[in-house]
Amino acid sequence: MIGCSDNQVTQAKCGEKKVVKAKCVGNFLFEGKSVESVTISRVGENMLDIKEPHASYHQDASIELQIFIDAIKTANKIDGIVDVAKADYYLTMSFENKTSSHYFLWLSDDGGSIMNENDSNTMYRLHSDLISDLNKYINGYKE
């Protein structure tokens, strides 16, 4: 299941991934750290040309913040060597302990991929159930 917390679990068949759209309560955990915010910037001419952030989600935008956390957590590693084009977006995940993680994001209407800035040899395919919401939230839409 993809979603917020144990108190918001819905019925799902064993092994089924399911997106839960509900207001989250409590911590937004990623790799053992509490996520404070996610900001999104467009990528310009090349991967070094990161524009000013155009969308930002904090804990008060719980649905949106959780979708970005879930997108990274549930992405599937792409086997082999990938030849990448310039990314569409640059995502910064900031944590309450004042550290951050950075990701390059490729996103279209029917799919997407993500790569951790610190691991440029590994790319992950985003879960298809999240693509529509990611496209919406990338452009600053809030529930």
Side-chain angles (χ1 to χ4, degrees), residues 1-79 82 84-143:
M1 182 193 77
I2 302 167
C4 299
S5 64
D6 292 338
N7 64 345
Q8 295 167 333
V9 174
T10 59
Q11 294 294 329
K13 294 177 185 169
C14 183
E16 176 184 18
K17 292 182 179 179
K18 187 169 186 170
V19 176
V20 176
K21 292 184 183 179
K23 287 287 184 187
C24 299
V25 179
N27 293 332
F28 298 88
L29 293 177
F30 181 75
E31 296 180 348
K33 297 183 277 187
S34 185
V35 178
E36 187 173 79
S37 67
V38 169
T39 57
I40 302 103
S41 305
R42 286 183 174 79
V43 175
E45 296 293 318
N46 59 57
M47 300 279 252
L48 300 175
D49 184 15
I50 308 299
K51 304 301 182 186
E52 288 295 315
H54 68 275
S56 183
Y57 297 102
H58 300 268
Q59 291 183 357
D60 61 337
S62 59
I63 294 171
E64 297 87 346
L65 184 59
Q66 192 65 49
I67 290 292
F68 284 100
I69 294 168
D70 289 346
I72 298 169
K73 281 183 175 180
T74 63
N76 296 309
K77 184 177 177 182
I78 298 173
D79 292 328
V82 292
V84 297
K86 175 188 72 77
D88 300 311
Y89 303 99
Y90 185 73
L91 189 144
T92 300
M93 185 176 289
S94 300
F95 302 99
E96 288 183 351
N97 68 0
K98 306 304 178 203
T99 62
S100 59
S101 294
H102 306 275
Y103 300 87
F104 288 107
L105 179 65
W106 292 260
L107 196 60
S108 68
D109 289 339
D110 58 354
S113 301
I114 196 161
M115 175 190 297
N116 187 312
E117 181 181 56
N118 292 326
D119 185 8
S120 61
N121 293 320
T122 308
M123 182 163 294
Y124 297 86
R125 182 168 289 111
L126 297 170
H127 195 275
S128 60
D129 288 351
L130 299 173
I131 297 300
S132 176
D133 285 336
L134 286 170
N135 274 303
K136 185 169 44 174
Y137 301 147
I138 283 289
N139 294 306
Y141 176 86
K142 294 193 177 181
E143 293 285 343

Item to check | Salt bridge present between Asp70 and Lys73 (N-O < 4.0 angstrom) | outcome: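 Not counted as a salt bridge, because no side-chain N and carboxylate O are separated by less than 4.0 Å.
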Kindly say whether [Y] contributes a backbone atom to a donor-acceptor pair with the side chain of [X] at under 3.5 angstrom?
{"X": "His54", "Y": "Ile138", "value": "yes"}
{"X": "His127", "Y": "Asp129", "value": "yes"}
{"X": "Glu64", "Y": "Ser56", "value": "no"}

Checklist entry - Under the ring pair (Phe, Tyr, Trp, His ring centres under 6.0 Å) criterion, do Tyr90 and Phe104 qualify, and how do the steps go? => result CA-CA 5 Å; Tyr90 185 73; Phe104 288 107; 5.3 Å; yes
Grab the two heavy atoms, one from [X] and one from [Y], that are nearest each other, plus how far apart they are.
{"X": "Glu52", "Y": "Ser41", "result": "C-OG, 3.8 Å"}
{"X": "Ala87", "Y": "Val43", "result": "O-CB, 3.3 Å"}
{"X": "Ala85", "Y": "Trp106", "result": "O-NE1, 2.9 Å"}
{"X": "Leu126", "Y": "Leu107", "result": "CD1-CD1, 4.1 Å"}
{"X": "Leu134", "Y": "Ala71", "result": "CD1-CB, 3.9 Å"}
{"X": "Lys33", "Y": "Thr99", "result": "NZ-OG1, 3.7 Å"}

Item to check | Stepwise side chain to side chain contact (heavy atoms under 4.5 Å, CB included) check, Glu36 with Phe95 | outcome: CA-CA 5 Å; Glu36 187 173 79; Phe95 302 99; 5.9 Å; no
Between atom [atom1] of [X] and atom [atom2] of [Y], what is the distance when rounded to the nearest 0.5 Å?
{"X": "Leu105", "Y": "Asp88", "atom1": "CG", "atom2": "CG", "value": "7.0 Å"}
{"X": "Met93", "Y": "Ile40", "atom1": "CE", "atom2": "CD1", "value": "10.0 Å"}
{"X": "Asn97", "Y": "Ser34", "atom1": "CG", "atom2": "OG", "value": "9.0 Å"}
{"X": "Glu45", "Y": "Lys86", "atom1": "CD", "atom2": "NZ", "value": "7.5 Å"}
{"X": "Asn121", "Y": "Met115", "atom1": "CG", "atom2": "CE", "value": "8.0 Å"}
{"X": "Leu91", "Y": "Tyr57", "atom1": "CG", "atom2": "OH", "value": "10.5 Å"}

Next on the checklist: If you apply the rule side chain to side chain contact (heavy atoms under 4.5 Å, CB included), what do you find for Asp49 with Lys51, and how did you get there?
Outcome noted: CA-CA 6 Å; Asp49 184 15; Lys51 304 301 182 186; 3.2 Å; yes
Next on the checklist: Quick one, Ser113 and Ile78 - any side-chain contact, counting heavy atoms below 4.5 Å?
Outcome noted: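 A side-chain contact under 4.5 Å exists here.
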Checklist entry - Side chains of Asn116 and Thr122: does their closest heavy-atom pair fall under 4.5 Å? => result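 Asn116 vs Thr122: side chains apart.
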Next on the checklist: Which label fits Tyr137 and Phe68: parallel for a plane angle under 30°, tilted from 30 to 60°, or perpendicular past 60°?
Outcome noted: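 Correct class here is tilted.
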Next on the checklist: Is there a side chain to side chain contact (heavy atoms under 4.5 Å, CB included) between Glu117 and Tyr103? Walk through the geometry before answering.
Outcome noted: CA-CA 5 Å; Glu117 181 181 56; Tyr103 300 87; over 6 Å; no
